[in-house]
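Bear in mind the structure is a predicted one, so any value in this text is a computation, not a measurement.
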There are 2 protein chains.
Amino acid sequence: MKTINLVLGIHNHQPIGNFDHVLEDAYRKSYKPFLDVLARFPKIKISQHYTGYLLEWLKKNHPEIFTQLKSLVKSGQVQMMTGGFYEPILAVIPDKDKLGQIQKLNEYIKKHFRTVPTGMWLAERVWEQHIVKPIAKSGVRWVTIDDTHFKYVGLKDENLLGYYVTEEQGWMLNVFPISKTMRYTIPFQPVAKTIEYLRSIATEDGSRIAIYADDGEKFGVWPHTYKHVYEDGWLTDFLKALEDNSDWINIVHFSEVMAKVKPIGRVYLQNASYAEMLQWALPEELFRKYEEFEKKLKAADLFENYEEFVRGGYWRNFLAKYPEVNNIHKKMIRLSERAHAVKHRSAAVERALDSVWAAQCNDPYWHGVFGGVYLPNLRYPVYKSLIQAETILDKIEHKPKLTVTPEDFDMDGSNEVLVETNTLDAYFMPEVGAAMFELDYKPIPFNFLDILSRRPEGYHEKLRRASEKSAQAGEVLSIHDIVTSKEAGLEKLLNYDWYRRASFIDHFIGNSTPEEFAAAKYKELGDFVDKPYLKKISHKNGKAAIQFTRDGTLKDGINTPVRVTKTFEFKESTGTILCAYKVQNLGPSPVGVDFGVEFNFGLMAGDAHDRYYTINNAKPADPRLKSAGTTEAVTSVSLSDEWQGLQATVEVDRPLTLWRFPIETVSLSEAGFERVYQSSVVFLHSRVQLEKEFDVEFKLTLSKIR
Amino acid sequence: MKTINLVLGIHNHQPIGNFDHVLEDAYRKSYKPFLDVLARFPKIKISQHYTGYLLEWLKKNHPEIFTQLKSLVKSGQVQMMTGGFYEPILAVIPDKDKLGQIQKLNEYIKKHFRTVPTGMWLAERVWEQHIVKPIAKSGVRWVTIDDTHFKYVGLKDENLLGYYVTEEQGWMLNVFPISKTMRYTIPFQPVAKTIEYLRSIATEDGSRIAIYADDGEKFGVWPHTYKHVYEDGWLTDFLKALEDNSDWINIVHFSEVMAKVKPIGRVYLQNASYAEMLQWALPEELFRKYEEFEKKLKAADLFENYEEFVRGGYWRNFLAKYPEVNNIHKKMIRLSERAHAVKHRSAAVERALDSVWAAQCNDPYWHGVFGGVYLPNLRYPVYKSLIQAETILDKIEHKPKLTVTPEDFDMDGSNEVLVETNTLDAYFMPEVGAAMFELDYKPIPFNFLDILSRRPEGYHEKLRRASEKSAQAGEVLSIHDIVTSKEAGLEKLLNYDWYRRASFIDHFIGNSTPEEFAAAKYKELGDFVDKPYLKKISHKNGKAAIQFTRDGTLKDGINTPVRVTKTFEFKESTGTILCAYKVQNLGPSPVGVDFGVEFNFGLMAGDAHDRYYTINNAKPADPRLKSAGTTEAVTSVSLSDEWQGLQATVEVDRPLTLWRFPIETVSLSEAGFERVYQSSVVFLHSRVQLEKEFDVEFKLTLSKIR
């Protein structure tokens, strides 16, 4: 009789700091009912992976699932899979952390489930050959990854009914190619489809292995799946069908099948993830070009047969594509190094390191078609965790209360200037407008500049086309043009920032409306916004001054030469930053200019009642952070966040005109296009008749409000 | 005025153990005249890379070039580039060796040229992002790689007129994309072409960098180039043209341009090499499919515009494609680990480690269209170096004079059996016919089983087509079918081995001629050649016995069950291996079989007067190792190599029939298709009426003959 080995794996993940209600929902709709159904079919062996944050949450909120899992493990029905504790992209974290994160989950599993995992789930299946070494070092013997990876090195479906050995510097690891067919049939197709497929690949010698592993959330959390999988009984039917056919379907654990069946051969795998991910990693322009190519290949009937030669980008280019991802990554790398550099491994160091690991959680490090780095609620816990680690390390290292470090923080080949006090971090980029691009408040760990600028995305075109089409009455939308949107008119928000949204950005604006300015479609007369400034640092007696200067030119018809000097002052232990501006006309004749300074504050919710503006000590008519408006003669603007209990205030030594407006990005979510609040822009400016010099002084204060 | 920065780099390499006459030729035709011409143009700054073996050879044979180079370095005209000392593929050697090899060349350069290199040449430009860390750790600040690498992550020609920063775990490195245009114009096109190109990319702000770096052998060693570059004066003209245009072409060193021009940005690069290399790394079938795809894309006018999405394989798959490459690689990895594991770092350990490093020389680790792993003269010095390292380590570790280790040497998921004495290494693969796949003789370091089996190569089709066409009289060959061949009739050698050529391979052959057997097109009745054997190891009192047993079946019409048992005996300090065969008929009735054992000996030259057969103590009519023939009643066969002074002898305790023939591969070289002698097959067999049992005993002796 023809038989087949079947191995099953389920991966359950929640990003750190995710909302309780989201986890509760996933627990109720998926994690719990899945195990309940499974327990009724004791012959069905399955490997289960839960990421660390989810395990900790479950332990706290639903300890009963631990009991249930433990008993399933004890009976041998379930084997636990390991992975990086906080589900990091292994390839881009330091080697020590790669090993440490896996060991942490190993130990957690050992402690709570009294079992030692032999295999692991690879986050987002982002493979680079060099990760084999830390994985194998951790004791892991096997890993599941997409069959895509194997196809890129020349293997075909018929070569993928088994596992391979791979190696790095003499460290070996077994790699199981996940069947794309079953990822599509389970649980979306009728049960019979999967059984048919298994039948079609069964052989007389029974040496083949059908490999399934996928996200647990597809069983209940994904739209419509709860009804399908549980209420309509798909899962029960599926497991029953497997049991009914157990004479020819041998359901075995990954760990068992390796003892039974030899590996097919040796393989080395190209950097890869699933094909879609590789497209998303491409620069926007190429993202569209890739789609175009795929379309043309299909039209020329060349795609299906030659797909293995068609590739997108490289995962790590998310670090080049989004400076905001790079910012998180480089801060993480910097803190990981600091934590590992501490000689005496105290509990505090371990806590710091664990905070860094938590901040390696992959979710905000990339963007596909859903959320990712676009979502403030994914970025926020990561920065929080990083700033917490930093605060711990500051203490351990007895770091001076105020330091000013020129350092290539973002690794672009030019030094940034990092000001760090025991109250705040303020990071400047002298080469790019000498703007402040990170502003961390330590008493309540929060980065006020954790915001995403608006930039084109490959999928924006669809939104634009859909709106054009629907504007043309009578035209029928083709299937490709049907776009789901959470609200109408989102295409109007498709404005793109030509500079990175930050603070202390120096503008000379031409005749422009606030709306044009907000849309980044105004007229910039200066060349200061994103151009290099010279820096001069002085630091003594607990005080630091940083002077940034640029000699630029105004596009005012006569190319007036202008010097902007901004001098920041920092003191130990205060949340206050002073900045004195000197704008000098270096030309022979006076000019009229509209000079102003742009601030950004990303407070995570533009529409929440507990987050609001105060202008000149009074709430404006619409105080919401996503509100837009113009106010004359402003000397003080505050943005308050009662949820976190903190506040940022900009004060200025002379009345200026305030333009305020939100930065909202348009990105895709599971429910279609959505607007996401990123930041509130505070632009304080003034019409100035520039004879020789114009001076203005700003004071930016961060404080607690509880 | 529009200006452009121009950086120039030259890479000179010779594999370890290359023939003196080849190096002498390269010195005379390229290395020396290049510097002579260069010295006449003191304004032309250029970076020069010489790999370690070449430097050592030059120092010994032409010390004057060191003096010349030192003076060019002193004057600032030449900067020395570093790299892995023996030009290894960095990505596939242990991390410690990555760093160590670069440091070794750094130190060599420092000692002999009194300068510290800041940049390096990357062997075969095989890039994996993780190598940034060891490179940066070694102090290297920049590296040159193909522009191809950058295109794969979405950058275009106009983005490649400058350099980028890349990063790994916080370690930074500047990467310079080598201009493909200039790789094609220099030195192959008229000088004006390059000047025109430079003119076309020059800009008013002069911030662009034109980046050239390529093999030095293209200047004189490549066919016809000596005349072109020196006799016809191309190089003089070129350097003169650069000097004449020095008002707008700023020739600067890589190290200088980094101080002058900022990097364009941050980049992460996909695993890559030049595009051709990635095609060569594909499995043979895909190699051809890739060509087909490229052709179809060109026909559909899709190639040029979308080339960046079309990719071949992954360099490391040479390790999966050629078991012989894997064999070298895994032996290297094993010895590197052993060397690093020695606690006390004596001079002997350093010597062992250096031998391992020498054996990391990339040339025999891959095959493109030229030589590579197909050439015994490239593999030989690598094995020699490895066996030398092993001998040193054996002493340091006080290794027992005889060990038998079941270990997954080739990392395919099954254990091999490694027998190691102080005289020889004999490695067996129980899963594959229990054949011996490596046989190292330690007194004169040499692997008798360093041979390449015959397998299909993507380019063989061309040879076959060409011969078919030329057979059809009157037909005109199209340009694609014109094939250069070093001799006629090579297509007749295109026989493919269905098993890896090794020793102690157990055959039951049907009615077949010696020619059919030699062509691997005979009838194999047994299932022993490449199938698993059980193993039993016993080892005591300085003696070891390994018994391999397999119960197989003959395809003799009645499926006679047969058991083959071969028992090897090893003693300390002798070069002799005994193997007692027992062939048992497990069926009810006697059968007539033709049973025999195949041996392979790769002695590097099939046609040399100093390498020959001795059969039953007499030289045959044609004693050359590439000769073929049949001899009856043979009890002793020797293969002698007077060049090395060693000999292998097979003796048998009863007269058998000898079939001997060479294994010759057909591969491409610069001069077209060529046959390469790999091995001499000694097949000793006999017609046997198998009642119950047939016994035969072999003695294989390795010895010095001087």
Between [Y] and [X], is the closest basic N to carboxylate O distance under 4.0 Å?
X	Y	answer
B/Arg455	B/Glu324	yes
B/Asp530	B/Arg500	no
A/Lys330	A/Glu416	no
B/Glu457	B/Arg288	no

Query raised in the report: Have B/Thr118 and B/Trp142 got a donor and an acceptor in their side chains that come within less than 3.5 Å?
Result: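 There is such a pair between these side chains.
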Query - Centroid separation B/Phe176 to B/Tyr163 less than 6.0 Å - result: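 Between B/Tyr163 and B/Phe176, which both carry aromatic rings, the centre distance is below 6.0 Å.
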Query raised in the report: How many angstroms lie between CD in B/Gln129 and CD in B/Glu168, if you round to the nearest 0.5 Å?
Result: 6.0 Å
**Report entry** Stacked cation flag B/Lys298 on B/Phe303, 6.0 angstrom / 45 deg
**Finding:**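 Yes, B/Lys298 and B/Phe303 form such a contact.
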Does any heavy atom of chain B fall under 4.5 Å from the side chain of [X], the backbone, both, or neither of them?
X	value
A/Lys96	neither
A/Met411	both
A/Asp95	both
A/Leu269	backbone
A/Tyr152	backbone
A/Asn326	side chain
A/Glu337	side chain
A/Lys289	both
A/Lys321	neither
A/Leu302	both
A/Leu155	neither

Choice from [options] maximising heavy atom contacts with chain A below 4.5 Å:
options	answer
B/Ala91, B/Gly154, B/Ala320	B/Gly154
B/Glu294, B/Glu292, B/Arg334	B/Glu292
B/Glu128, B/Met258, B/Lys156, B/Met332	B/Lys156
B/Asp410, B/Asn174, B/Leu282	B/Asp410

Query raised in the report: Given that the side chain runs from C-beta out, which part of B/Leu286 has a heavy atom under 4.5 Å from chain A: side chain, backbone, both or neither?
Result: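 Contact with chain A: backbone and side chain both.
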Requested in this report: Report yes if the side chains of A/Lys98 and A/Ile131 come closer than 4.5 Å at any heavy-atom pair, otherwise no.
Outcome: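 Side-chain contact under 4.5 Å: yes.
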Query - Contact leader toward chain B among A/Phe287, A/Tyr164, A/Tyr268, where contacts are heavy-atom pairs under 4.5 Å - result: A/Tyr268
